[in-house]
Every structure is written in structure tokens, then in C-alpha cells.
Amino acid sequence: MANLLSANFYRLFRSKVFYVGILAAVVVEVYSLLTGYQSTLLEGLGLENKFFLYPILLVIEMPAFCGLFFGAEYSGGTLRSKLIAGIPRWKLYAANLVTGAVVSLAFSATAIVTGLALGFLLIGGFQLETGILAGYFLCSLAVGVASAAFAAMVALLVPNRAIGLVIGVLVAFSLLFVGQYLVQGLAQPELTREHEPVLQNGVVVGYASSPDAPMVPNPRYVGGALRTVYTFLLHFMPMGQCFLVSFLGLEEPWKLMVGAALFTALTTAVGLAIFQKKDVK
């Protein structure tokens, strides 16, 4: 295992893809702060308001990185050579998973350092309590590790480098929309103002409510068992977790940490089970 990790990190520090990912983390964090610091100051908010955008980037960045970096082992025949040499498949999978997790932590650390350096100059400090802020930092790292587990699974199960890259990124993008849908569904209030039709020339052109309108049940409110399912999925998928961190929606950080651990364990178990039986050509 140590030799496999050593070889992976040797390649990593010479990989242009890795440094492009580092640059992307810097650019996204700088963009987030530069475009949002004025509104943050006007509203009297803290640095946390525009700081935690990088978990959303990680969800897309990790499948792209793993697809290119690990996919090269298929296209170059390196993976097959390792198997012929007698290296157990679980060690190959574990080494790549650990490498992906370390890369995600490196991307996160880059964004954090960049955000702190620029954020304190533009905005000042954080307003969140120290314990809550620590929870956000830990959860942002957990999102990156869970994303790496998903990305490593796809990269090791799809032998074609280009197809693996496309599948990983497209699935991540698709699940991001699912995560956004879950966030919007859970944000709906249980009660809302009654809406009345707006008429123009006897034709209904829309609906509006007044401050004096009575409160009525919101038809878009998600309740009951469905709300439990929405909440679980949002805390389970890194494509939902990233929104909870970025939009400062964490009420109980431990739920996200548990969800990230379960997601990482499940994707690893499924990926390893399939990889053990896969015909590597």
C-alpha cells in the first residue's frame, strides 16, 4: 500500500491536472469574494456569507480530476500491469481512494487559505460562533472526501478515460440539480399568504397577495415522510451537502458528517465489489 501511495503522489506532484485544480480553487474563491464583498459589507454580514463556495466546486472538480488522473492508468496500461504483478485489487482501489481524498483536502485547503487571506482584507472576520464555524469547516472537508469517493468509483469502473470523465461530471451536475431541488423544497414555509387573481381585461394574468391577506396552507410545503426523505438525501449526497455548507444552512453539522461517512462507505463498498470482479483489459 505504501508503495502504491508513493507512486500516486509521485505522479500527482508532476500532474498538470492537479495544479489546474489548485488554480481553479483559487479562482473560484477569489471570484466569490470580489463579487460579493460589497453587498456583504452593506448588509453588515461576516466573511462566512461569501466564503464557503468551494464545496460546490469540489463536487464537479473531483470527478473531472479523478477521471483524468486515474483514467490514465487504464489508457496507459498501468493498471493492468499492477494486477499482473500480483497487487491485490482492494489495495489498488484503496490507494486511489486515499489519493483522491488527499487531493480533495488539498483543493479545500487552497480555497480556505485564499479565502482567509483575501477575505480578511475585503470584509474582515467571521461573525459565526467559533464552534459553529468549526463545524462548517469540517463539513466542507467532508463534502470533498465524499465527492472523491464518488469520483474514484466512477474512474475505476469505467475503463475508457474520456467516457469516465464525461459520466462522472454529468452525473455530478445532474445530482447538483437534484440537491438544489431538495433545498428549495425544504425551504418552502408551511403557511403562506392567500393569493388572489390579478385580472387585466377580464383575463387572469397572475396572482398576488397583500400583507393583510389571511395565512393559508402552502401547497408547495413538503411535509410528513417525504420531508424526512428530502432531509436524508440532502445530508447524504455531497451534491446536496455542498448547498447546506455554501448557503449556511447547517442546523446540525453532525448529520452532514454522518451522511458523508455513509456515502463514502457505500460508494466504496459498491465500487470495490464491482472492481474485484471487473475484467481489466
Side-chain angles (χ1 to χ4, degrees), residues 1-25 57-107 143-179 236-239 242 260-281:
M1 177 66 77
N3 290 336
L4 291 174
L5 289 174
S6 177
N8 279 354
F9 289 126
Y10 180 85
R11 286 181 54 219
L12 180 66
F13 294 130
R14 289 159 179 76
S15 171
K16 294 180 180 179
V17 177
F18 175 66
Y19 294 107
V20 169
I22 291 288
L23 179 61
L57 171 67
L58 287 174
V59 170
I60 302 299
E61 191 174 28
M62 288 312 301
F65 169 81
C66 290
L68 291 170
F69 187 78
F70 297 138
E73 292 193 329
Y74 269 115
S75 60
T78 306
L79 185 62
R80 182 173 177 81
S81 298
K82 290 179 179 179
L83 292 175
I84 293 174
I87 299 176
R89 293 191 179 215
W90 72 266
K91 285 189 176 181
L92 290 175
Y93 195 102
N96 286 354
L97 176 62
V98 171
T99 302
V102 171
V103 169
S104 77
L105 295 177
F107 290 162
V143 172
V145 173
S147 299
F150 164 77
M153 178 186 69
V154 175
L156 286 169
L157 296 185
V158 181
N160 187 292
R161 184 182 185 185
I163 294 177
L165 171 65
V166 172
I167 289 177
V169 173
L170 284 181
V171 171
F173 257 119
S174 301
L175 291 178
L176 270 178
F177 286 110
V178 174
F236 176 71
M237 299 188 307
M239 298 77 179
C242 63
L262 288 174
F263 183 89
T264 301
L266 180 61
T267 52
T268 301
V270 172
L272 182 57
I274 298 175
F275 185 67
Q276 288 279 26
K277 300 178 180 180
K278 186 174 180 58
D279 181 15
V280 179
K281 298 181 180 180

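These values consider heavy atoms only, across backbone and side chains, with no hydrogens, waters or symmetry-generated copies.
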Could you give the distance from CZ (Phe65) to CD1 (Ile60), rounded to the nearest 0.5 Å? 16.0 Å
Of the non-hydrogen atoms in Phe236 and Leu266, which two are nearest, and what is the gap between them? CZ-CD2, 3.8 Å
Let me confirm one number: the CG-CG distance from Leu170 to Leu175, rounded to the nearest 0.5 Å. 11.0 Å
Distance (rounded to the nearest 0.5 Å) between Asn160 CG and Ile167 CD1: 8.5 Å
Would you confirm whether Ser104, through its side chain, and Ala101, through its main-chain N or O, come within 3.5 Å as a donor-acceptor pair? yes
Ring geometry between Phe263 and Phe150 (parallel below 30°, tilted from 30 to 60°, perpendicular above 60°): tilted
Out of curiosity, Met62 CE to Leu57 CG, how far, rounded to the nearest 0.5 Å? 10.5 Å
Leu92 and Lys82 have their tightest heavy-atom pair at CD2-CD, 3.5 Å
Identify the heavy atoms of Pro238 and Ser147 that sit nearest to each other, and give their distance. CB-OG, 3.5 Å
Using a 4.5 Å cut-off on heavy atoms from C-beta on, say whether the side chain of Tyr93 contacts that of Gln276. no
Do Arg14 side-chain atoms and Tyr10 backbone N/O form a donor-acceptor pair below 3.5 Å? yes
Could you check if a side-chain atom of Glu73 sits within less than 4.5 angstrom of a side-chain atom of Asn96, using non-hydrogen atoms only? yes
Where Thr268 and Ala149 come nearest, the two heavy atoms and their spacing: OG1-CB, 4.3 Å
Closest non-hydrogen atoms of Met1 and Ala94, given as atom of the first, atom of the second and distance, are CE-CB, 3.5 Å
More than 12 heavy atoms of other residues, nucleotides or ligands under 6.0 Å from CZ of Phe173: is that the case? no
Straight-line distance of Met153 CE to Cys66 SG, nearest 0.5 Å: 11.0 Å
Counting only N and O atoms by type, is there a donor-acceptor contact under 3.5 Å from the side chain of Thr99 to the main-chain atoms of Ala95? yes
Looking at every non-hydrogen atom in both residues, tell me the closest pair between Ala155 and Phe70 and how far apart they are. CB-CB, 4.0 Å
Val103 and its side-chain contact (heavy atoms from CB on, under 4.5 Å) partner, picked from Val98, Leu12, Leu58: Leu12
